[in-house]
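Just so we're on the same page: letters track the sequence lines, and every chain starts at 1.
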There are 2 protein chains.
Amino acid sequence: MATGRTHRPATRSRGIPEATVARLPLYLRALTALSERSVPTVSSEELAAAAGVNSAKLRKDFSYLGSYGTRGVGYDVEYLVYQISRELGLTQDWPVVIVGIGNLGAALANYGGFASRGFRVAALIDADPAMAGKPVAGIPVQHTDDLEKIIEGNGVSIGVIATPAGAAQPVCDRLVAAGVTSILNFAPTVLSVPDGVDVRKVDLSIELQILAFHEQRKAGEEAAAETAAVTLTPKEAGKGPDGDVPAVMPA
Amino acid sequence: MATGRTHRPATRSRGIPEATVARLPLYLRALTALSERSVPTVSSEELAAAAGVNSAKLRKDFSYLGSYGTRGVGYDVEYLVYQISRELGLTQDWPVVIVGIGNLGAALANYGGFASRGFRVAALIDADPAMAGKPVAGIPVQHTDDLEKIIEGNGVSIGVIATPAGAAQPVCDRLVAAGVTSILNFAPTVLSVPDGVDVRKVDLSIELQILAFHEQRKAGEEAAAETAAVTLTPKEAGKGPDGDVPAVMPA
DNA sequence: ATGTCTTTGTGAACGCGTGCACAAAGATGG
DNA sequence: CCATCTTTGTGCACGCGTTCACAAAGACAT
């Protein structure tokens with residue numbers, strides 16, 4: 001997973017636990033697939049398998065939404081799709097701005113998963129004057145100078161930050177000041193925001209590092225022995241065990 | 001956060017809790033920034049603030065790695081950078097292949113955060129013959145037919161899937177069969193893999209949906225009343241409360 | 001109508017993660 | 001060498017999330 005929520009200490013948002021909310025989109029996707037195949041009903045066991053979770057967990061998750069199943073039969077697919085969509089707020093239109101139209105920003109603008117779920121890319125914003133006016137994914141890029149005007153003019157409440165790390169916090173501040181209250185951050189930085197603003201972070205490099213950790217464990221239980229041998233105390237280690245600190249650069 | 005680990009029930013990987021492992025990259029980034037500013041030592045309080053976590057949590061996290069701090073002083077920045085890097089397996093070279101060179105795949109290939117932490121993009125693979133040979137981020141794209149050869153020839157153990165949803169599982173199967181044991185999945189699908197293979201998922205659309213949920217709650221506590229009124233049982237609801245099921249499309 | 005069989009919904013136990021609060025450790029100054 | 005002050009490392013308690021296991025509920029056949 002990318003990394004979890006930043007702000008919000010674990011507040012359950014009306015009886016619905018955060019962990020459940022995070023799984024609802026997963027269920028929704030599986031249900032949508034079933035709906036396309038015109039499957040009328042599905043059991044918790046089948047749906048859980050499709051979503052890759054435990055069936056008891058799925059039932060408990062749904063129980064937070066209400067009793068939408070029929071014992072002995074299962075859940076009505078169409079009805080459940082609607083209920084989850086409504087619960088997630090996907091029945092309304094969410095205008096979104098993407099700030100930072102580099103490789104990643106452009107990829108996001110072109111990403112089908114955005115437009116397909118009630119999320120509408122209202123504007124693309126970049127600080128590079130040379131980008132201004134250029135169409136990306138059919139939408140002309142606008143300059144950062146007009147950020148506030150764009151946010152307020154379109155009633156945007158969700159912003160996506162895909163800028164370099166250094167630009168993220170200033171951009172974030174301007175977005176929040178202009179009225180954005182939810183931010184999806186792709187920049188490798190910790191954003192600080194006032195209370196009431198939600199930030200979710202997606203960090204590609206962190207995900208890889210977590211994989212590397214597990215990979216390392218799988219690779220060498222025996223090879224780890226030699227590396228583990230060099231465990232010195234700070235005082236003894238002048239500049240690192242094997243003479244030099246390994247080259248690690250900022251993400 | 002993107003979404004968490006898929007497989008692996010919560011196995012702590014040698015006394016080090018998963019939650020801690022997930023935070024190590026965060027600490028590492030903050031420490032690297034300090035290192036660049038030539039800051040010699042840092043207290044748990046300062047570092048925690050920079051990483052956006054609780055200081056007690058940070059100290060406990062570090063305690064799993066060993067006693068690397070000095071009471072009354074703090075932690076030696078350089079030494080800690082090295083210890084965390086080593087723990088995460090970042091002191092070695094990890095060849096990575098990216099499969100699916102669309103908008104996202106290209107963005108990933110160009111993403112600096114990959115190359116900068118011991119991750120080396122060993123190959124780019126795409127199913128489109130027209131892409132073959134074209135350089136992306138300075139690396140020529142190779143055809144899917146050669147996937148096994150590429151994996152085995154370069155000793156690749158980490159694969160990144162950035163294909164459309166439909167192609168993800170077949171690609172995953174081939175990667176695993178060829179020897180890949182860690183997968184970072186950007187396709188909006190649940191991948192099934194044999195035991196011993198780690199899968200982490202990054203799902204852009206799910207992150208937005210979670211934001212939308214909280215946004216909806218913030219937006220309307222009062223407007224929610226009218227929507228909440230239409231809570232029928234499946235039997236009563238013929239085809240959905242207000243006559244029609246809202247248009248929701250697959251991600 | 002009654003019995004059987006399937007599947008939901010949930011009570012309860014357990015385990016992990018978090019955060020408080022404090023004692024131990026060491027640095028620093030006199 | 002002793003006192004003071006800072007900061008680490010951790011014991012402990014609490015709460016969330018997960019999972020098991022089962023009773024209640026309803027469909028369906030006879």
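When the P atom of C:dT7 is taken as reference, atom CG of A:Asp76 falls 16 Å away, rounded to whole Å. Rounded to whole angstrom, the span from the NZ atom of B:Lys57 across to the P atom of D:dT8 amounts to 17 Å. Rounded to whole Å, atom C1' of C:dT7 lies 15 Å from atom CG of A:Leu80. Atom CD of A:Glu18 is separated from atom P of C:dG17 by 18 Å (rounded to the nearest Å). Whole-Å rounding puts the B:Leu65 CG to D:dT8 P distance at 15 Å. Rounded to a whole Å, the CG atom of A:Asp61 is 13 Å from the C1' atom of C:dG9. Atom CG in A:Leu58 sits roughly 16 Å away from atom C1' in D:dC20 (whole-Å rounding).
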query: How far apart are the C-alpha atoms of B:Glu36 and B:Thr32, what are their side-chain angles, what is the distance that settles it, and do they pass the side-chain hydrogen bond (donor to acceptor under 3.5 Å, both in side chains) test?
result: CA-CA 6 Å; B:Glu36 283 172 354; B:Thr32 307; over 6 Å; no
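Nearest nucleotide to the side chain of B:Thr70, out of D:dT18, C:dT10, C:dG26: C:dG26. Checked against D:dT18, D:dG17, C:dG9, the side chain of A:Pro17 finds its nearest nucleotide in D:dG17. The A:Ser67 side chain lies nearest to C:dG9 when the options are C:dG19, C:dA27, C:dG9. Side-chain proximity of B:Arg23 to C:dG17, C:dT18, D:dG17: nearest is C:dT18.
Checked by atom type and distance alone, the side chain of B:Glu45 never pairs as donor or acceptor with a backbone atom of B:Ser55 at under 3.5 Å. The backbone N or O of B:Arg86 sits less than 3.5 Å from a side-chain atom of A:Gln216, completing a donor-acceptor pair.
How far NZ of B:Lys201 is from CG of B:Asn185: 7.5 Å, rounded to the nearest 0.5 Å.
The closest side-chain heavy-atom distance from A:Lys218 to B:Ser182 is below 4.5 Å.
Every residue two or more places apart in sequence or in another chain that forms a side-chain contact (heavy atoms from CB on, under 4.5 Å) with A:Val73 is listed here: A:Thr41, A:Thr70.
When ring centroids are compared, A:Phe62 and A:Tyr68 stay outside the 6.0 Å threshold.
Counting any heavy atom pair closer than 4.0 Å across all strands shown, B:Phe62 reaches no nucleic acid atom.
Applying the 4.0 Å criterion to OP1 and OP2 of D:dG17, one finds that A:Asn54 has every side-chain N and O outside that range. Of the side-chain N and O atoms in A:Ser44, none sit less than 4.0 angstrom from OP1 or OP2 of C:dT7. The phosphate of C:dG9 (OP1 or OP2) has a side-chain N or O of A:Tyr75 nearer than 4.0 angstrom.
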Report each atom pair, protein N/O against N/O of nucleotides 21-25 of chain C, whose distance is under 3.5 angstrom.
unit_1, atom_1, unit_2, atom_2, d
C:dA21, N6, B:Arg59, NH2, 3.4
C:dA24, N3, B:Arg71, NH1, 2.7
C:dA25, O4', B:Arg71, NE, 3.4

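The base of C:dG19 is paired with the side chain of B:Lys60 by a donor and an acceptor separated by under 3.5 Å.
Comparing A:Gly66 and B:Thr20 along DNA chain C, the residue whose closest nucleotide (by nearest heavy atom) sits nearer the 5' end is A:Gly66.
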